[in-house]
Visitor: 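Structure in structure tokens, see below.
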Amino acid sequence: CKYIIVIHGGAGVISKSNISEEREKQFLKSLNGILSASKKILRNGGTALDAVQEAVRLLEEDELYNAGKGSVFTSKGTNEMDAGIMDGSTLKCGAVAGVSTIRNPIVAARAVMDHTNHILLMGKGAEEFAQSKSIEIVEPSFFFTQNRYDQLLKAKDTNRVILDHDGEKLVKEEEKTLTVNISGDPIHPDSKMG
Amino acid sequence: TVGAVAIDKYGNLAAATSTGGMTNKMVGRVGDTPIIGAGVYANKMVAVSSTGTGEAFIRTLAAYDISALMEYGGLTLEEASKKVVMEKLIEQGKGDGGVITVDANGNIAMPFNSEGMYRGYAIVNNNEENENNDTIVVAIYKNE
């Protein structure tokens, strides 16, 4: 009998040419730390359900990833998050969609599973339910990160809807097209120069 | 998008997924993450968490499809996960991404059809009191 936890932090156009060495180290350290913390739950006799919830909660807390803090922006510059959880032994499940004020949507999804007869709550109803269960509520601005906002601006420039980690490539491509002026200083291609 | 799947000492499986969606998405758009059977699924045989183009995972009911291919088609976890991600998701779903999966026998599969996927797994060595003997593996790129 093996106790195992597997995690992911998103897929996309992720290659060595798009990620700096420093950022690569940040991701590897983060993944290691989250695996280490969540496997402790299994080692101490905890359930698979508790282990996946904690792993995802930790991923939501890390702004490297597109979930919780660090979430990408909608076309209107807001954050709308979704989460779902399922217990394989009972087929019980819970989910929330389109929430903007719940710090950890996965905790709310678990509460939907544990405390309602429903599976999916959305928007304001999900947020009011989370508050009624004393799940942490935050201002929408809590989820703002400059990196993700820059990606939104680039996506809007090109009129594209992009996957979470494809945004990094978009910004990187932009950096590659920098040119220099007569003094050798970089000129951003978006700059309106005479 | 982020996610986790696990099997515990009792042999129970579970899956969880969370996301902010896609950059520049329409307000009100819901992807596959909270759709049971599309972006997240678990039963007594397998647990699945997905990441990628949400609409493609919804069209193909990707997470549940892996379970169905195992249950009705007799495919292994590896075969079913790869078939969904490397064939059906691209051909029928018109999208990309990946999944992490674990089955009741403790097999793991983490296929993706994009350039990379942040991923990793930990195996608890339950014969050892020292947790330093547990296995942790993390990877980002293809062929890792």
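Convention: sequence-line order gives letters A, B, ...; per-chain numbering from 1.
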Visitor: Side chain, backbone, both or neither: which part of A:Glu54 has a heavy atom under 4.5 Å from chain B?
Guide: neither

Visitor: Quick check for you: among B:Asp96, B:Asn105, B:Ile100, which has the greatest number of heavy-atom pairs under 4.5 Å with chain A?
Guide: B:Ile100

Visitor: Would you say CD of B:Glu144 has more than 12 non-hydrogen atoms from neighbouring residues, nucleotides or ligands within 6.0 angstrom?
Guide: yes

Visitor: If you count heavy-atom pairs within less than 4.5 Å of chain A, which of B:Leu13, B:Thr19, B:Asn12 leads?
Guide: B:Thr19

Visitor: Against chain B, label A:Leu49 side chain, backbone, both or neither, depending on which of its atoms sit under 4.5 Å from a heavy atom there.
Guide: both

Visitor: Is there a path of hydrophobic side-chain contacts, each under 4.5 Å between heavy atoms of I, L, V, M, F, W or Y residues, that connects A:Val96 with B:Val2?
Guide: yes

Visitor: Set out, in order, the CA-CA distance, both residues' side-chain angles and the distance that settles side chain to side chain contact (heavy atoms under 4.5 Å, CB included) for B:Ile140 and A:Phe27, then state yes or no.
Guide: CA-CA 8 Å; B:Ile140 299 176; A:Phe27 272 107; 4.2 Å; yes

Visitor: Residues two or more places apart in sequence or in another chain: which of them pass ring pair (Phe, Tyr, Trp, His ring centres under 6.0 Å) with A:Phe73?
Guide: A:Phe144, A:Tyr149

Visitor: Answer with side chain, backbone, both or neither: which region of A:Lys40 has an atom nearer than 4.5 Å to a non-hydrogen atom of chain B?
Guide: side chain

Visitor: Tell me, out of A:Gly9, A:Ser71, A:Ala95, A:Gly98, who's got the most heavy-atom pairs with chain B below 4.5 Å.
Guide: A:Gly9

Visitor: Considering only heavy atoms, give the residues of residues 29-67 of chain B separated from chain A by less than 4.5 Å, sorted numerically, with 'none' for an empty result.
Guide: B:Arg29, B:Val30, B:Gly31, B:Thr33, B:Pro34, B:Ile36, B:Val40, B:Tyr41, B:Ala42, B:Asn43, B:Lys44, B:Ser49, B:Ser50, B:Thr51, B:Gly52, B:Thr53

Visitor: With side-chain hydrogen bond (donor to acceptor under 3.5 Å, both in side chains) as the test, would you mind laying out the steps for A:Asn104 and A:Glu61 before giving the verdict?
Guide: CA-CA 8 Å; A:Asn104 295 111; A:Glu61 287 290 298; 3.1 Å; yes

Visitor: So among A:Lys154, A:Arg148, A:Gln146, which one has a side chain to side chain contact (heavy atoms under 4.5 Å, CB included) with A:Asp150?
Guide: A:Gln146

Visitor: By a 4.5 Å heavy-atom criterion (distance strictly below it), what part of A:Ile119 contacts chain B: side chain, backbone, both, or neither?
Guide: side chain

Visitor: For A:Ser36, which atoms come within 4.5 Å of any heavy atom of chain B: side chain, backbone, both, or neither?
Guide: both

Visitor: With a 4.5 angstrom heavy-atom cut-off, could you sort out which part of A:Asn79 is near chain B: side chain, backbone, both or neither?
Guide: neither

Visitor: Are B:Tyr121 and A:Leu42 connected in a single hydrophobic cluster, I mean Ile/Leu/Val/Met/Phe/Trp/Tyr linked by side-chain heavy atoms less than 4.5 Å apart?
Guide: no

Visitor: Please state whether the side chain, the backbone, both or neither of B:Ala104 comes within less than 4.5 Å of a heavy atom of chain A.
Guide: neither

Visitor: Identify which part of B:Ile108 has an atom lying under 4.5 Å from any heavy atom of chain A, answering side chain, backbone, both or neither.
Guide: side chain

Visitor: Would a single hydrophobic cluster contain both B:Val138 and B:Tyr118, if residues Ile, Leu, Val, Met, Phe, Trp and Tyr are joined by side-chain heavy-atom contacts under 4.5 Å?
Guide: yes

Visitor: So which of B:Thr17, B:Thr135, B:Ile123 has the largest heavy-atom pair count under 4.5 angstrom toward chain A?
Guide: B:Thr17

Visitor: Test side chain to side chain contact (heavy atoms under 4.5 Å, CB included) on A:Ile4 and B:Val124 and set out the steps.
Guide: CA-CA 6 Å; A:Ile4 297 168; B:Val124 175; over 6 Å; no

Visitor: Are A:Phe143 and A:Leu152 connected into the same hydrophobic cluster when the rule is that any two of I, L, V, M, F, W, Y join if their side-chain heavy atoms are below 4.5 Å apart?
Guide: no

Visitor: Set out, in order, the CA-CA distance, both residues' side-chain angles and the distance that settles side-chain hydrogen bond (donor to acceptor under 3.5 Å, both in side chains) for A:Glu63 and A:Thr145, then state yes or no.
Guide: CA-CA 8 Å; A:Glu63 61 183 67; A:Thr145 56; 5.4 Å; no

Visitor: I'd like to know which of A:Met81, A:His8, A:Lys16, A:Met86 tops the heavy-atom pair count under 4.5 Å against chain B.
Guide: A:His8

Visitor: Can a side-chain donor-acceptor contact be found between B:Asn24 and A:Ser75 if the only test is distance below 3.5 angstrom?
Guide: no

Visitor: Any idea which of A:Ala51, A:Ala55, A:Gly45 has the most non-hydrogen atom pairs under 4.5 angstrom with chain B?
Guide: A:Gly45

Visitor: Identify which of A:Ala11, A:Ser15, A:Ser38 forms the greatest number of heavy-atom pairs closer than 4.5 Å to chain B.
Guide: A:Ala11

Visitor: Shared ILVMFWY cluster between A:Val52 and A:Ile7, side chains joined below 4.5 angstrom?
Guide: yes

Visitor: Using a 4.5 angstrom heavy-atom cutoff, name the option from A:Pro105, A:Ser89, A:Gly123 with the most pairs to chain B.
Guide: A:Ser89

Visitor: Backbone N or O of B:Ala109 within a donor-acceptor pair of the B:Thr101 side chain at under 3.5 Å?
Guide: yes

Visitor: Do you know which of A:Ala67, A:Ser30, A:Gly46 has the most heavy-atom pairs with chain B at a distance under 4.5 angstrom?
Guide: A:Ala67

